[in-house]
There are 2 protein chains.
Amino acid sequence: MRYVLMMELRQLKYFIAVAEELHFGRAAERCNIAQPPLSQQIKKLEEELGVKLLERTSRKVSLTPEGSEFLERALDIFGRLDEAVVCIQDMAEGLKGHLRVGFIGPASLSNLPRAIRAFREANPDIRLDFSAKSTTEQLPMLRGDRLDIAFVRLFGHDTTGLKSMTFLREPYVLAIPDGHHFGGRDRLDITDLEGEPLIFNQRIAQPALYRSLIGSFHKAGFMPNIVQEVNTEQSTIALVATGLGSALVPASSAVDKRSGVVFKPLDGDLPQWEITALWKAKKESVLLKNFLSTVTQFRDVTGSTPVWELLGTDSGSL
Amino acid sequence: MRYVLMMELRQLKYFIAVAEELHFGRAAERCNIAQPPLSQQIKKLEEELGVKLLERTSRKVSLTPEGSEFLERALDIFGRLDEAVVCIQDMAEGLKGHLRVGFIGPASLSNLPRAIRAFREANPDIRLDFSAKSTTEQLPMLRGDRLDIAFVRLFGHDTTGLKSMTFLREPYVLAIPDGHHFGGRDRLDITDLEGEPLIFNQRIAQPALYRSLIGSFHKAGFMPNIVQEVNTEQSTIALVATGLGSALVPASSAVDKRSGVVFKPLDGDLPQWEITALWKAKKESVLLKNFLSTVTQFRDVTGSTPVWELLGTDSGSL
DNA sequence: GCCCATCCATAGTTTTGGGGCATCAAAAAT
DNA sequence: ATTTTTGATGCCCCAAAACTATGGATGGGC
C-alpha cells in the first residue's frame, strides 16, 4: 500500500471500459455515466499514477504500452476481487471453508466414518481436518476454538456454552477371550460377572463413568474383580485377546474381527455407552449446521444394537 | 466484474485496517478518519457483500472465518495493485518493457552486439527481441509498429516521419581470393579494378546504392566487370573464397576470418558503407531514448576504420 | 478548399455521499 | 451501582463526482 493512495476501483473500471472500447463515448455509456466525467476520472488516474495510459487524438484513442500493461493487470485484479467475493459468499452459505473435527478412537467403529463420507461427497469444497483425541483433550480444544466439533464420551463433563447431540447410544457387551467358559452362553447377566477377572478403563480418564459402572456392580450385589486398567479403549480388546480377562466394551466394538475374542450380550442395570457430538453454541456456522444435519441422518440412539447386526458390516474409514 | 458493483478500494483499505487492528478507534486513526464513518463504511461493505466480516461486541472485535479469508485476499489484491503501479511507472521511466530491434546481417560484425550487451547489462528487466532482416523488410515493419528500432542501410530510402542516426560509417575494402595477383599489394585504387571480375549485391535490393557505386566506377573511367550478383551480403565473402571474383565489402567484414579471402584497403571516390539506426519520431519512448543513448556510445562514424585494427577483435554475439 | 461530422477536453452547475461532531447504548471493570 | 470503554446512530457539511453546455481539433465529403 505504498503507491496506492487515492486510486479507486471506479477509476479502474472506467479505465478498463475506455481501454476496451477505445472510445470515450461508448465507454461512458457502458459505465452509465456521461462522457465528460469519464474523461476527468481517466485524467485523474493518469495524474496520480504519473503515467500516460492512453494516447488520444480527437479522432481515435489508443493504449500506450504502459496502458496496455495496466489493463492486463487491472483485469486480473478485478478477477481476483470477484473470486474473493464469491469465495466468502460461498463460505457464508456453508459451501466452502473448513471444519476441524475431533473424535475419540472408538468413534471410528461407529457410523461416524459413513456420516463423514456422505458429507464429504455432498460438500466436496469443504476441507475437513481430523484429530483423534481423548475426551479430556478435545474439550479444551473445542473451548479454545481449535476444534469446531468434538465427538466425545460426554458422561459427567461440563457443557456450559456448548450444544450437544447424542450420536450413538448402545449397550455394553462383554468381550471374552476365546475358549472362555462363557463360550457356550447366548446371553449373560451382570450377576454372572461376580469374581470374573475384568479389564477396565482408567478411572481418572472418566471418573463419573467409572463411578457409574461400579455403582451398577454394587446394585448387583458384588464388587468387580479388576485385574488391569488401560488408558486407551483401543487396547482393551487386545488385552482380552491375550486371555488376561474379560471387558465391558461398546457393542460396536464387535466389528473388530481380530481372532481370539468373542462378544456376548449383557443384561442387567448398566449405563449406556454413548458418543456425543459437542460444539460451541456461539460458533454454530452454516457450515457446521450442514455438517450436523448430515451427521444426524447417521446417528443411532436406540440403545439396543445387537452385536450380530453389527458383525460383517463395513465401517468405512476416515 | 459480476459481483463487484459499488465496492471501493477505500472500503477495502478500511476493512484491512480494522481487521488488522481489531479495534475501530485505532483503525480509524490509522485511516486518518473518525470512528463513525469507518463503522459506516464497514457496514456498507458487509451489506454489499451480503457477508458478515467482523464479529463485534461492544467490548472487542474479531474476524469471522469469512472476514479472515477476505482479509487475506484483500491484502493480495493490494499487493498486486501496487505491483501494477510500480511496473508501469518503471516502464514509463524506461526501466521495464520490451524493445524490438531489427538489423541487417552485416550489423552483427559491427559494434552493435557490444552496444546491445552493454544495454542489456544496464537494463536487465528490458526484454529485447531481435529480427535479422533486410532493409526493405525492416522499413515496413518499423512503420507498422512491429519494430521499435531498425539498423539498416539507409541509402536512398524514404525517411519521412522517422528519426535516424548513423551508427557505423566505414570505407569499402576489396575482398580478394587467396593467391590473387593483388596479393602482394598493400593498398589498391579503384582504377586497379578495371577488368577485375567482381561480385555485386543485387541491384534491386538497394537501387540507389547500386547506382552510386556504378557512378564511382564511371568517374574512374570504366565500367565494372560484374560476374555475379548475390542477394545477401553474407554470401558475398563465401563466393569470393571460391575464387569466382573479388568484391567490395565493408571494412568490418574483415573480422570474418574464413580462410581463402584477403582484404585490401581501397582508395578512390567511393561511397561510404553505412549502417543507420531508424525509429519512428512518434514512438520515441523513454526506453528507446535510453537504448539510443547506449548505442551512441558504441557508434563509429569516422569513416576510416583500417582493416588491421579490426582484425583480431571480438565482435561478441547477439 | 470549405464545411460538416465526430470526438475528446473544458467550464460551470448540481447532486451524491463520505466524513466530522455529538450522542447513545451495551458491556466490562471498579 | 457507577464509570469507562467502544462501537453504532443521527445530523450536518463539504468535497468530489456527475451532468449540461460548449469549445476545439481532426478527418471525410461535397
Side-chain angles (χ1 to χ4, degrees), chain A residues 1 4-49 51-64 66-67 71 160-161 281-282, chain B residues 1 4-64 66-67 70-71 74 143 160-161 281-282:
Chain A
M1 274 191 262
V4 183
L5 294 169
M6 314 277 297
M7 198 194 305
E8 285 299 343
L9 285 183
R10 188 168 12 83
Q11 296 172 311
L12 287 182
K13 271 188 246 178
Y14 291 173
F15 167 68
I16 290 172
V18 178
E20 287 184 344
E21 300 285 347
L22 292 177
H23 189 292
F24 278 74
R26 281 194 296 277
E29 201 176 345
R30 201 169 107 178
C31 297
N32 298 311
I33 59 168
Q35 169 264 318
L38 204 171
S39 294
Q40 286 181 338
Q41 291 298 327
I42 297 287
K43 192 180 165 191
K44 257 195 180 177
L45 179 63
E46 287 180 325
E47 274 169 6
E48 194 192 324
L49 291 173
V51 178
K52 201 171 183 182
L53 299 171
L54 295 159
E55 200 66 60
R56 41 284 215 196
T57 69
S58 64
R59 209 63 198 167
K60 73 164 185 257
V61 178
S62 62
L63 281 165
T64 62
E66 292 81 13
L71 171 64
T160 47
K282 292 276 176 75
Chain B
M1 272 192 265
V4 182
L5 294 170
M6 315 277 300
M7 199 193 303
E8 285 299 342
L9 285 182
R10 188 168 11 84
Q11 296 172 312
L12 287 182
K13 271 188 247 180
Y14 292 171
F15 168 68
I16 289 172
V18 178
E20 287 183 345
E21 300 285 345
L22 292 177
H23 189 290
F24 277 75
R26 279 194 298 276
E29 202 175 345
R30 201 170 108 178
C31 296
N32 297 310
I33 58 169
Q35 170 264 318
L38 205 170
S39 293
Q40 285 179 340
Q41 291 298 327
I42 298 287
K43 192 181 166 191
K44 259 194 179 175
L45 180 63
E46 288 180 325
E47 275 169 4
E48 194 192 324
L49 292 173
V51 178
K52 203 171 184 184
L53 300 170
L54 295 158
E55 201 65 61
R56 42 285 216 194
T57 68
S58 65
R59 206 61 195 168
K60 73 163 184 261
V61 178
S62 62
L63 281 166
T64 62
E66 291 82 13
F70 198 60
L71 170 64
R143 289 217 145 81
T160 47
K282 293 275 176 73

Measure from the side chain of A:Pro36, starting at C-beta and using heavy atoms only, and say which of D:dT20, D:dC11, C:dG18 lies closest. D:dT20
Out of D:dA17, C:dG20, D:dT6, which has the shortest distance to the side chain of B:Ile33? C:dG20
Expressed as a whole number of angstroms, how long is the span from B:Ile42:CD1 to D:dT9:P? 14 Å
Which is it for B:Leu54 and B:Glu46 under the side chain to side chain contact (heavy atoms under 4.5 Å, CB included) test, yes or no, and what are the steps along the way? CA-CA 9 Å; B:Leu54 295 158; B:Glu46 288 180 325; 4.1 Å; yes
To the nearest angstrom, how far is B:Glu8 atom CD from C:dT16 atom P? 17 Å
Could you state the OH-P distance from A:Tyr14 to D:dA16, rounded to the nearest angstrom? 16 Å
note: B:Leu12, atom CG; C:dG18, atom P; distance rounded to Å ~ 14 Å
Quick one: which of B:Gln41, B:Glu48, B:Lys44 gives a side chain to side chain donor-acceptor pair (under 3.5 Å) with B:Gln11? B:Gln41
Any B:Ser39 side-chain nitrogen or oxygen under 4.0 Å from OP1 or OP2 of D:dA8: yes
Does B:Arg56 put a side-chain nitrogen or oxygen below 4.0 Å from OP1 or OP2 of D:dA8? yes
With a 4.0 Å cutoff (strictly under), does any side-chain N or O of B:Gln41 reach OP1 or OP2 of C:dG18? yes
Without decimals, in angstroms, what is the distance between A:Leu45 CG and D:dA16 P? 16 Å
Whole angstrom is fine here: how far is it from CG in B:Leu9 over to C1' in C:dG18? 15 Å
Heavy atoms from C-beta onward define the side chain here; which of C:dG20, C:dA9, D:dA18 lies closest to that of B:Ala34? C:dG20
Looking at B:Arg30 and B:Glu20, is there a salt bridge between them, counting it only when a charged N and a carboxylate O are closer than 4.0 Å? yes
When you get a sec, tell me which of D:dA8, C:dC7, D:dG27 is the closest nucleotide to the side chain of A:Arg59? D:dG27
Test: A:Glu8 and B:Arg10 ion pair at under 4.0 Å: yes
D:dT6, D:dA8, D:dA18: which one has an atom nearest the side-chain heavy atoms of B:Phe24? D:dA8
If the cut-off is 4.0 Å, is A:Lys44 near the phosphate of D:dA17, judged by side-chain N/O to OP1 or OP2? yes
Quickly work out the A:Glu21 CD to C:dC7 C1' distance and round it to whole Å. 15 Å
Do the side-chain N or O atoms of B:Lys43 get closer than 4.0 angstrom to the phosphate oxygens (OP1, OP2) of D:dT9? yes
Heavy-atom donor-acceptor pair, A:Thr64 side chain to A:Leu53 backbone, under 3.5 Å: yes
d(CE, A:Met6; P, D:dA15) in whole Å: 13 Å
